**Student:** 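Supplied in structure tokens, the structure appears directly below.
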Amino acid sequence: MTPILYLVIPCYNEEAVLPVTSGLFLSKITALTASGAISDRSRIVFVNDGSADRTWDIISGLCEKDSHYAGIALSHNRGHQNALICGLMECADFCDITISLDCDGQDDINCIDKMVEEYAKGSEIVYGVRNDRSTDSWFKRNSAETYYGMLKFMGVDIIPDHADYRLLSSRVIHALSGYGEVNLFLRGIIPQLGFKSSKVYYSRAERMAGSTHYPLAKMIALGMDGITSFSIKPLRMITGLGGIIAVVSFIGIIYIIVGAATGNTTQGWASMTCLLCFLSGIQMISLGVIGEYIGKIYLETKHRPRYIVDRIINIEEDK
Ligand code: UDP
Ligand code: MG
């Protein structure tokens with residue numbers, strides 16, 4: 001039986017790029033249907049993440065024109081990861097497979113064919129992995145490399161150079177629904193689910209229009225989520241650092257006592273001040289790291305919904 005494929009595409013203030021890419025998504029679905037790779041009941045599902053511009057008007061216009069388009073509107077902006085999980089959860093019951101991708105044309109849609117082929121061969125998760133970073137700035141390339149190294153060191157199991165372009169079977173999405181955390185970092189959770197997986201490689205293009213919603217501050221926040229949601233190593237490192245400082249301080253105390261006993265006392269205010277500043281800095285950073293985890297506990301204990309759906313168009317129980 002040919003699988004029903006739902007493309008899940010989060011959109012936030014994308015009025016500039018949607019008119020350009022929506023047609024490309026439809027041609028891809030049409031071609032795959034014609035070749036018999038997917039069912040004609042497949043859909044292109046745009047998840048409007050509380051956009052403030054005309055994004056929803058464009059999505060509903062597309063849905064009226066062609067029933068292959070579908071739309072889910074969140075009641076307000078919840079961020080990319082939440083929009084994505086919303087799309088996956090709302091679609092899982094109506095399709096066999098989903099492929100999540102950006103709406104800006106950066107994820108090469110020709111990879112969709114290869115992903116569907118991998119699914120046909122038995123993979124329930126297919127990761128889209130970038131095979132080069134030539135379209136990235138020097139800073140983004142290097143910071144990404146450092147970040148993946150750091151994640152590995154922290155024991156976080158993620159696929160390097162894979163973002164959120166991936167195929168998931170509905171079985172996998174149902175397994176994913178058991179992960180109720182509000183601090184979502186999907187690329188960290190998915191490898192933990194198990195199931196047979198494979199990778200397809202693609203070269204990431206430039207955005208076709210509009211501009212990125214991931215400035216440096218947001219990228220750092222997502223990066224921090226990646227570490228603190230999956231590893232408690234930073235806390236252990238603080239303990240280790242505390243231990244090292246304690247040993248060094250102990251040696252320092254002995255040195256001071258010996259100095260005092262032998263009458264070799266100098267004023268030493270400069271070294272004292274430096275030490276004080278250094279240690280207060282370390283303490284503040286340590287408190288910050290611990291605070292980060294406490295903040296996460298606080299957010300998780302409230303069990304607030306990750307998203308609220310306002311409207312759904314063209315998704316019906318037709319599986
Ligand atoms: N996005 C979203 N909610 C947000 C920010 C972004 O749904 O709060 C969507 C956005 O429309 C795009 C995808 O997430 O389809 C990735 O965002 P973007 O392309 O700006 O990030 P980049 O590819 O530059 O990292
Ligand atoms: Mg993008």
Side-chain angles (χ1 to χ4, degrees), residues 3-11 21 24-25 28-29 32 37-38 42-47 49 72 79-133 144 147-148 151 156-179 181 184-205 214 222-223 225-226 229-230 306-307:
I4 301 173
L5 165 67
Y6 274 25
L7 297 182
V8 177
I9 308 171
C11 308
T21 52
L24 301 176
F25 297 134
K28 179 50 72 185
I29 290 290
L32 282 168
I38 59 169
S42 298
R43 294 266 192 285
I44 300 146
V45 184
F46 295 111
V47 184
D49 186 15
I72 301 173
H80 173 225
Q81 295 289 293
N82 289 314
L84 192 51
I85 197 95
C86 163
L88 296 175
M89 293 305 152
E90 298 299 322
C91 292
D93 288 340
F94 310 127
C95 63
D96 300 302
I97 41 176
T98 60
I99 294 181
S100 51
L101 71 168
D102 282 12
C103 71
D104 53 17
Q106 287 197 278
D107 299 325
D108 178 12
I109 55 170
N110 292 318
C111 246
I112 294 176
D113 306 51
K114 289 188 259 170
M115 287 182 168
V116 173
E117 272 169 34
E118 289 297 320
Y119 171 74
K121 284 190 227 156
S123 292
E124 302 222 34
I125 303 173
V126 186
Y127 299 102
V129 179
R130 298 178 63 168
N131 56 11
D132 80 294
R133 284 193 166 265
Y147 181 61
Y148 286 121
L151 282 178
V156 184
D157 177 21
I158 71 163
I159 314 281
D161 294 326
H162 158 72
D164 285 297
Y165 186 20
R166 70 176 83 83
L167 176 148
L168 298 176
S169 72
S170 54
R171 239 158 58 89
V172 170
I173 299 172
H174 284 124
L176 177 65
S177 66
Y179 286 67
E181 56 221 74
L184 260 192
F185 187 65
L186 281 167
R187 62 194 88 164
I189 299 176
I190 307 286
Q192 291 189 355
L193 297 174
F195 295 97
K196 188 171 183 308
S197 69
S198 55
K199 295 176 194 160
V200 297
Y201 293 87
Y202 73 104
S203 140
R204 195 162 158 92
Y214 274 99
L222 182 70
D225 257 352
S229 298
F230 292 92
R306 291 183 285 208
Y307 58 86

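Bear in mind the structure is a predicted one, so any value in this text is a computation, not a measurement. These numbers come from the heavy atoms of this one structure, side chains and all, not from hydrogens, waters or symmetry mates.
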**Student:** Rounded at 0.5 Å granularity, tell me how far CD in Gln106 sits from CG in Leu101.
**Tutor:** 11.0 Å
**Student:** If you compare all heavy atoms of Pro10 against all heavy atoms of Ala83, which two are closest, and at what distance to 0.1 Å?
**Tutor:**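 Scanning both residues completely, I find the closest heavy atoms to be CB-CB, 4.0 Å.
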**Student:** State, yes or no, whether a side-chain contact exists between Tyr148 and Ile158 at a heavy-atom distance under 4.5 Å.
**Tutor:** yes
**Student:** Indicate yes or no: does Arg166 engage Asp164 in a salt bridge with an N to O separation below 4.0 Å.
**Tutor:**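 Yes, charged N to carboxylate O under 4.0 Å.
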**Student:** Minimum heavy-atom separation for Cys111 and Tyr201, please, with both atom names.
**Tutor:**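 Nearest heavy atoms, Cys111 then Tyr201: SG-O, 3.7 Å.
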**Student:** Can you confirm whether Lys114 sits close enough to Val126 that some side-chain heavy atom of one is under 4.5 Å from a side-chain heavy atom of the other?
**Tutor:** no
**Student:** Could you give the distance from CG (Asp96) to CG (Leu168), rounded to the nearest 0.5 Å?
**Tutor:**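 With rounding to 0.5 Å, CG (Asp96) is 13.0 Å from CG (Leu168).
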**Student:** Looking at side-chain heavy atoms only, is the closest gap between Tyr165 and Ile99 below 4.5 Å?
**Tutor:**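 Of all side-chain heavy-atom pairs linking Ile99 with Tyr165, at least one is under 4.5 Å.
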**Student:** May I ask you to test the Ile4-Arg43 pair for a side-chain heavy-atom distance under 4.5 Å?
**Tutor:** no
**Student:** So Ser100 and Thr98, do their side chains get closer than 4.5 Å, heavy atoms only?
**Tutor:**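 Answer no - side chains too far apart.
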**Student:** Give a yes or no on whether the backbone of Pro160 and the side-chain of Arg187 come within a donor-acceptor separation of less than 3.5 Å.
**Tutor:**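 The answer is no, because no donor-acceptor pair under 3.5 Å joins these two groups.
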**Student:** With a 4.5 Å heavy-atom cut-off, do Phe230 and Ile189 have their side chains touching?
**Tutor:**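 In contact.
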**Student:** Less than 4.5 Å apart, any side-chain heavy atom of Leu186 and any of Leu176?
**Tutor:** yes
**Student:** Report yes or no: does Thr21 contribute a side-chain atom to a donor-acceptor pair with the main-chain N or O of Cys103 at less than 3.5 Å?
**Tutor:**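 The answer is yes, because a donor-acceptor pair under 3.5 Å joins these two groups.
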**Student:** Going from CD1 on Ile72 to SG on Cys86, what distance comes out if it is rounded to the nearest 0.5 angstrom?
**Tutor:**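 Going from the CD1 atom of Ile72 to the SG atom of Cys86 covers 5.0 Å.
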**Student:** Please list every donor-acceptor pair under 3.5 Å in which a side-chain atom of residues 192-200 meets a protein atom from a residue at least two apart or in another chain.
**Tutor:**
| residue | atom | partner | partner atom | Å |
| --- | --- | --- | --- | --- |
| Ser198 | OG | Glu118 | OE1 | 3.0 |
| Ser198 | OG | Ser123 | OG | 2.9 |

**Student:** CE/Met115 to CD1/Ile109 distance, rounded to the nearest 0.5 angstrom?
**Tutor:** 12.0 Å
**Student:** What are the two closest non-hydrogen atoms of Tyr147 and Gly226, and how far apart are they?
**Tutor:** OH-CA, 3.6 Å
**Student:** Between CD1 of Ile159 and CD1 of Ile190, what distance do you get to the nearest 0.5 Å?
**Tutor:** 10.5 Å
**Student:** Considering all heavy atoms of both residues, which atom of Val45 and which atom of Cys91 are nearest to each other, and what is their separation?
**Tutor:** CG2-SG, 3.8 Å
**Student:** Got Glu90 and Val8 here, is their nearest side-chain heavy-atom distance under 4.5 Å?
**Tutor:** no
**Student:** How far apart are the closest heavy atoms of Ser169 and Glu124, and which atoms are they?
**Tutor:**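 Looking at all heavy atoms of both residues, the shortest contact is OG-OE1, 2.5 Å.
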**Student:** Please find the pair of heavy atoms, one from Leu88 and one from Ile173, that lie closest to each other, and give the distance.
**Tutor:** O-CG2, 3.6 Å
**Student:** Less than 4.0 angstrom from a charged side-chain N to a carboxylate O is my criterion; do Asp108 and Arg204 meet it?
**Tutor:**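 No.
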**Student:** Would you compute the distance between atom CG of Asp113 and atom CD of Glu117 and round it to the nearest 0.5 angstrom?
**Tutor:**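 Output value for this atom pair is 7.0 Å.
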**Student:** Could you tell me whether the side chains of Tyr202 and Asp107 share a donor-acceptor contact shorter than 3.5 Å?
**Tutor:** yes
**Student:** What verdict does the side chain to side chain contact (heavy atoms under 4.5 Å, CB included) test give for Gln81 and Leu222, after you've listed the backbone C-alpha separation in whole Å, the side-chain angles of each residue and the deciding distance to 0.1 Å?
**Tutor:** CA-CA 9 Å; Gln81 295 289 293; Leu222 182 70; 4.1 Å; yes
